> 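Please find one structure pasted underneath; my questions will follow.
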2 protein chains.
Amino acid sequence: MPGSAVTSDLAHDLRLATMRLARRLRSQRADHGLPLGQLSALAALDRHGPLTPGALAQHEQIRPPSMTKVLAALAEGGYIDRVPDPHDGRQQLVSLTDKARRLLREDRRRRDEWLASLLVGLSDDDRAALAAALPVLEVLADS
Amino acid sequence: MPGSAVTSDLAHDLRLATMRLARRLRSQRADHGLPLGQLSALAALDRHGPLTPGALAQHEQIRPPSMTKVLAALAEGGYIDRVPDPHDGRQQLVSLTDKARRLLREDRRRRDEWLASLLVGLSDDDRAALAAALPVLEVLADS
DNA sequence: TATTGTTATACTCTATAACTATA
DNA sequence: TATAGTTATAGAGTATAACAATA
């Protein structure tokens, strides 16, 4: 099967390019002074809507006690609201404040801007190649 | 200019897909027990050849005292050799041992394998789209 | 008893400041 | 004096274990 060597080369090169590009994108994050773990928790709430602390911890792949600290810092900064679950007194629901939504919007805008400024410098063919590969990348990312 | 809205959408979607895929790739790292900072220092030595502790710290974007600790752990594990610079007694050159090279090779192999296993499940068209976009991604990553 | 979340405590990785050796 | 690297100490951010409240 002659395609297998090509597939493994593609995997290798795609992995390296993805990691390098992700590193560049990460370095472009806005300097809003918010630690990465806190920002990531806010982004999860933005994507999924209000969540319990436990669900957030599971999603962010950290332990509940660690999430307790992250949430304490976010509450202190006025980025989240917590309301007790009326059906289960043990649980809470954590949601974003308007302040948090504004911060997320600004953060995304800054990072999109940097990448967009690179994209306008590409040829139409290169942009088309990216657009064609995008749905495939999304499938891989969600696997 | 009708293309500008499309370009900014592409930037946004490409950024999200890249970050998500990078996260999945990172989570696939081999469980060799080596902390990420140590592994990253080894990878830098592998890419650039022997370096001084100061140059390594600069490359990894950490402070020299932090690199001192990383290097102490790597030396303890038998992953690096240190030779004094004959021309300047203040400096050293840090290089990889064979053990480190084997570890890096194994680590890459495991991550490539995971991605390759996803790629073989794609259609030929999807793989072709990725292959066509790859050089463009590499340009972006190096910008 | 089991589950949700918090508190207490410790470990890892990073930092700044002070120190040693060499240029 | 200036530079390369280390040692001392401290600050984030994470973890495990033990605890309180609720189901």
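Excluded from the calculations below are hydrogen atoms, water molecules and symmetry mates; all remaining heavy atoms, backbone and side chain alike, are included. Bear in mind that the values here come from a model prediction, so they are computed numbers and not experimental data.
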> Just by distance, do the side chain of B:T97 and the backbone of B:G78 share a donor-acceptor pair under 3.5 Å?
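Confirmed, B:T97 side chain pairs with B:G78 backbone.
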> Between A:Q92 (CD) and D:dA21 (P), how many Å, whole number?
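The answer, rounded to whole Å, is 15 Å.
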> How close or far is atom C1' of C:dC13 from atom CG of B:L39, stated in whole angstroms?
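Answer to the nearest Å: 15 Å.
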> Who are the salt bridge (charged side-chain N to carboxylate O under 4.0 Å, His left out) partners of B:D142, not counting sequence neighbours?
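By the salt bridge (charged side-chain N to carboxylate O under 4.0 Å, His left out) rule, B:D142 matches A:R20.
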> What is the separation between atom CG on A:L71 and atom P on C:dG5, rounded to the nearest whole Å?
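It is 10 Å, rounded to the nearest whole Å.
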> For A:Q38 and B:Q91, take the nucleotide of DNA chain D holding the closest heavy atom to each; which residue's nucleotide lies nearer the 5' end?
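Its nearest nucleotide being more 5', the pick is B:Q91.
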> Using a strict 4.0 Å threshold on nitrogen-to-oxygen distance, state whether B:R102 and B:D98 make a salt bridge.
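Salt bridge between B:R102 and B:D98, a charged N being under 4.0 Å from a carboxylate O: no.
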> Hey, can you pull the donor-acceptor pairs under 3.5 Å for the side chains in residues 54-66 of chain B, sequence neighbours left out?
from, atom 1, to, atom 2, distance (Å)
B:E60, OE1, B:S40, OG, 2.5

> Roughly how many Å is it from CD in B:E60 to P in C:dC13, rounded to a whole number?
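Taking CD of B:E60 and P of C:dC13, I get 14 Å after rounding.
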> Who clusters with A:V83? Use side-chain heavy atoms, under 4.5 angstrom, across I, L, V, M, F, W and Y, and order the result by chain and number.
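A:L93, all in the cluster of A:V83.
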> Starting at CG of A:L56 and ending at P of C:dT4, how long is that distance when rounded to a whole Å?
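About 14 Å, once rounded to whole Å.
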> Can you give one letter per nucleotide of nucleotides 15-23 of chain C, 5' to 3': B if a protein heavy atom sits under 4.0 Å from the base, S if only from the sugar-phosphate, - if neither?
BBB----BS
> If you take any heavy atom closer than 4.0 Å to DNA chain D, which residues from residues 41-50 of chain B end up in contact?
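Residues of residues 41-50 of chain B that come under 4.0 Å of DNA chain D do not exist, since none gets that close.
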> For the pair made of CG in A:D85 and C1' in D:dA21, what is the distance, rounded to whole Å?
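That distance rounds to 14 Å.
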> Taking only residues two or more places apart in sequence, or in another chain, which ones meet A:A131 in a side chain to side chain contact (heavy atoms under 4.5 Å, CB included)?
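Side chain to side chain contact (heavy atoms under 4.5 Å, CB included) list for A:A131, sorted by chain: B:L10.
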> Take atom CG of A:L74 and atom C1' of C:dT6, then tell me their distance rounded to the nearest Å.
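Checked: the CG to C1' distance equals 16 Å.
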> Under the rule for side chain to side chain contact (heavy atoms under 4.5 Å, CB included), what residues qualify as partners of A:A116, not counting sequence neighbours?
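Only B:A11 meet the side chain to side chain contact (heavy atoms under 4.5 Å, CB included) criterion with A:A116.
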> For B:D85, what residues pass the salt bridge (charged side-chain N to carboxylate O under 4.0 Å, His left out) criterion, not counting sequence neighbours?
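Salt bridge (charged side-chain N to carboxylate O under 4.0 Å, His left out) list for B:D85, sorted by chain: empty.
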> Got a sec, which residues hit side chain to side chain contact (heavy atoms under 4.5 Å, CB included) with B:R90, two or more places apart in sequence or on another chain?
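Once residues adjacent in sequence are excluded, the partners of B:R90 under the side chain to side chain contact (heavy atoms under 4.5 Å, CB included) criterion are B:D88.
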> If I take atom CG in residue A:L36 and atom C1' in nucleotide C:dT14, what distance separates them, rounded to the nearest angstrom?
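Taking atom C1' of C:dT14 as the reference, CG of A:L36 is at 14 Å.
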